[in-house]
Amino acid sequence: MISVIMPVFNVEPYVRDSVLSVLNQTYTDLELIVVDDGSTDSTWAVVEEIAKDDPRLILCSNRRSKGVAGARNTGIESSGGEWIAFLDGDDLWYPESLEERVSVAINNYDCDVITTDYHLWFPEDDDYEVRITEKNPVWNKVFSKSNQESKILKMFNPVDEFLESALTHTSVVMIKSDLLKTIGGFDESLKTYEDVLLWLKLAVHSKEMIYIPVVCSRYRQRTGSLTHLGDPPTKGGAEMFKKILHDPDFDGFKSKIRNQLQHHLVINTYWYRNSGFRYKALVCAWESFISNPLNLSVQKNLIATIFGR
């Protein structure tokens, strides 16, 4: 059995289609655990209605809002499947999404993590969609040969590649339950990049990760789906790289992690400067300087921030 975890929060217009895209999979041996994280619209009522007709749909509700990481962890704790997959309450799976991944899992016993290609989907922009492997240059570099030859790609501890870009996504990843529970699920202290941190941990701890060259999901892009509350969208990236910089699991990758931390801090500095948050810009510029004081661009960034340029 596959356990599918779906965190939901105020997704009433989308959740029915998302839930049905899981329940209507060609692979049927699954449980779908929907975790409501404090919705104030009719999301819960919509899911309850569907659950009346399908016992594979299990409803959970957090007593207090825990964020998307906490909602997913609630689902993980309640899961009973050998493998765990995820889908957000506004995204969609194609009908054979699970079957594609399960068939690879059956034939590759040592594999701990399976991922696939997916569509970035813009329903508000003429229903436009594009494969992530066409849009993201790192995905293209790593997976293009697999796509061209229509052969799976086996990866062994691909930490370098995952530090360059998160080479999976919650809508297409499938993870052995024992491994996921051993490494502790999602980090609830992070409001964003909690998924990227988990992918990096999986890259370190998995025996084998496999990429399948098929498109398995539609990842909805919608305005207002995430509010940054006066902070840049990359703020969580800096917080995440600070965490793993001091994690012994990543001792062999300190230089690359420092470079990524510096890169995110500089981006955050520009964002704060352009948005009029001078003090926050100064903090980021100083942290970036401390992380790599000999770097010329970092020095220039600090000077420009100090003098308000």
Side-chain angles (χ1 to χ4, degrees), residues 2-8 11 14-15 17-27 30 32 68 72 83-105 111-155 158 161-162 164-175 180 186 192-200 202-203 206 209-223 225-226 233:
I2 310 299
S3 295
V4 183
I5 313 299
M6 180 180 291
V8 295
V11 286
Y14 318 106
V15 69
D17 288 342
S18 297
V19 167
L20 292 178
S21 79
V22 176
L23 297 178
N24 292 334
Q25 288 290 298
T26 55
Y27 184 86
L30 63 91
L32 171 58
V68 67
R72 289 186 185 126
W83 288 79
I84 294 177
F86 301 92
L87 187 68
D88 285 349
D90 56 352
D91 299 330
L92 299 174
W93 272 352
Y94 290 108
E96 297 183 352
S97 175
L98 269 187
E99 186 174 353
E100 293 278 4
R101 287 177 279 175
V102 170
S103 64
V104 169
C111 179
D112 290 315
V113 182
I114 293 172
T115 187
T116 77
D117 207 343
Y118 66 91
H119 276 143
L120 292 170
W121 177 35
F122 300 83
E124 298 171 13
D125 186 12
D126 296 327
D127 218 30
Y128 170 71
E129 56 189 10
V130 60
R131 292 173 73 140
I132 188 65
T133 48
E134 296 174 5
K135 189 77 172 176
N136 184 301
V138 182
W139 280 67
N140 185 269
K141 177 179 69 174
V142 176
F143 298 135
S144 60
K145 185 177 180 181
S146 175
N147 287 346
Q148 291 164 8
E149 297 179 354
S150 296
K151 294 181 180 178
I152 64 170
L153 173 66
K154 295 186 177 184
M155 298 176 283
E161 292 85 350
F162 273 71
E164 198 172 351
S165 180
L167 293 175
T168 188
H169 188 264
T170 45
S171 66
V172 292
V173 74
M174 194 170 84
I175 309 162
L180 183 55
F186 294 88
T192 59
Y193 283 77
E194 79 292 333
D195 51 349
V196 178
L197 177 56
L198 180 58
W199 312 150
L200 284 165
L202 291 172
S206 63
M209 304 176 76
I210 290 181
Y211 168 79
I212 310 172
V214 294
V215 176
C216 280
S217 77
R218 305 177 89 186
Y219 174 36
R220 186 189 300 267
Q221 309 295 294
R222 59 187 176 99
T223 305
S225 60
L226 181 63

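These numbers come from a predicted model, not from an experiment. Just so you know, these numbers use all the heavy atoms, side chains as well, and skip hydrogens, waters and symmetry mates.
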Within the side chain of [X], is there an N or O that forms a donor-acceptor pair under 3.5 Å with the backbone of [Y]?
X    : Y    : value
D117 : P213 : no
R220 : L92  : no
W83  : V113 : no
E99  : Q25  : no
N136 : W139 : yes
H169 : S171 : yes

Euclidean distance, [Y] [atom2] relative to [X] [atom1], rounded to 0.5 Å:
X    : Y    : atom1 : atom2 : value
E134 : N147 : CD    : CG    : 8.5 Å
T116 : Y94  : OG1   : OH    : 10.5 Å
T168 : M174 : OG1   : CE    : 11.5 Å
K145 : S150 : NZ    : OG    : 13.5 Å
Y118 : R131 : OH    : CZ    : 12.5 Å
I114 : I152 : CD1   : CD1   : 8.5 Å

Exercise. L198 and L180: side-chain contact (heavy atoms from CB on, under 4.5 Å), yes or no, with the steps?
Worked result: CA-CA 9 Å; L198 180 58; L180 183 55; 3.8 Å; yes
With the side chain counted from C-beta on, respond yes when [X] and [Y] share a heavy-atom pair under 4.5 Å apart, and no when they do not.
X    : Y    : answer
D91  : T170 : no
V173 : W199 : yes
L197 : F186 : no
D195 : F86  : no

For this session: Report the C-alpha separation of R101 and I212 in whole Å, then their side-chain angles, then the decisive distance to 0.1 Å, and conclude whether the side-chain contact (heavy atoms from CB on, under 4.5 Å) test is met.
Result: CA-CA 8 Å; R101 287 177 279 175; I212 310 172; 4.0 Å; yes
Exercise. What residues, two or more places apart in sequence or in another chain, satisfy side-chain contact (heavy atoms from CB on, under 4.5 Å) together with E161?
Worked result: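 Per chain and number, E161 pairs via side-chain contact (heavy atoms from CB on, under 4.5 Å) with V142, P158, L167.
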Which atom pair, heavy atoms only, marks the closest approach of [X] to [Y]?
X    : Y    : value
W93  : V4   : CH2-CG1, 3.6 Å
L87  : S18  : CD2-O, 3.9 Å
I175 : L202 : CD1-CD1, 3.6 Å

For this session: Could you tell me whether D126 atom CG has more than 12 heavy atoms of other residues or ligands within 6.0 Å of it?
Result: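 Counting other residues, nucleotides and ligands, CG of D126 stays at 12 neighbours or fewer.
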For this session: Could you walk me through whether V104 and C111 pass the side-chain contact (heavy atoms from CB on, under 4.5 Å) test, one step at a time?
Result: CA-CA 9 Å; V104 169; C111 179; 5.6 Å; no
For this session: For side-chain contact (heavy atoms from CB on, under 4.5 Å), just list the numbers for W121 and D127, CA-CA rounded to whole Å, side-chain angles, deciding distance to a tenth of an Å, and then say yes or no.
Result: CA-CA 7 Å; W121 177 35; D127 218 30; 2.8 Å; yes
Exercise. How are the rings of Y211 and F143 set relative to one another: parallel (under 30°), tilted (30 to 60°) or perpendicular (over 60°)?
Worked result: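 Ring orientation, 0 to 90° scale: parallel.
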